[in-house]
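Below you'll find the structure, written out as structure tokens, and then a few comments.
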Amino acid sequence: MSRLFIRFVVFNIHRKMEAQFSKEEMLKKLGDRIKQLRINKGYSSYEYFAYEHNISRAQFGRYERGEDLRFSSLIKVINALDLTLAEFFAEGFD
């Protein structure tokens, strides 16, 4: 193998790792923002918030931990928090 090919492969692996990190970082920020807003609404327990808004408690806990979620699930959470998309993303995503 040529050195150029090896550099190309290493570069692409590095780029993919950066993209994956960015996804994980963004999910963590989403989770932190969801948790912050829930607490601001006066809910000390994520389980009680989820129950009151007809969201699976286990799934809501995953959202707050920054695990992957679908866009439709995010919209449901934002609606439960009584926010718009713009309001939700206005803080915490620097």
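For R62, the side chain to side chain contact (heavy atoms under 4.5 Å, CB included) criterion is met by A58, Q59, R65, E67, not counting sequence neighbours. The salt bridge (charged side-chain N to carboxylate O under 4.0 Å, His left out) check on E91 picks up R33, with sequence neighbours excluded. Taking Y63 as the reference, nothing meets the ring-ring contact (aromatic ring centres under 6.0 Å, His included) condition, with sequence neighbours excluded. Looking at residues two or more places apart in sequence or on another chain, you find no side chain to side chain contact (heavy atoms under 4.5 Å, CB included) involving N54. Considering only residues two or more places apart in sequence or on other chains, Y51 meets the ring-ring contact (aromatic ring centres under 6.0 Å, His included) condition with none of them. Every residue meeting the side chain to side chain contact (heavy atoms under 4.5 Å, CB included) condition with I39, not counting sequence neighbours, appears here in chain and number order: K35.
Considering every non-hydrogen atom in both A50 and S56, the closest pair reads CB-O, 4.2 Å. In plain terms, the two heavy atoms of I55 and K76 that are nearest each other are CG1-CE, 3.9 Å. Nearest heavy atom pair, residue L27 against residue G66, reads CB-O, 3.1 Å.
K29 places no side-chain N or O within donor-acceptor distance of the main-chain N or O of G92, the cut-off being under 3.5 Å.
Between N40 and Q36 there is a side-chain heavy-atom pair separated by less than 4.5 Å.
Ring pair H53/Y43 is perpendicular by interplanar angle, where above 60° counts as perpendicular and below 30° as parallel.
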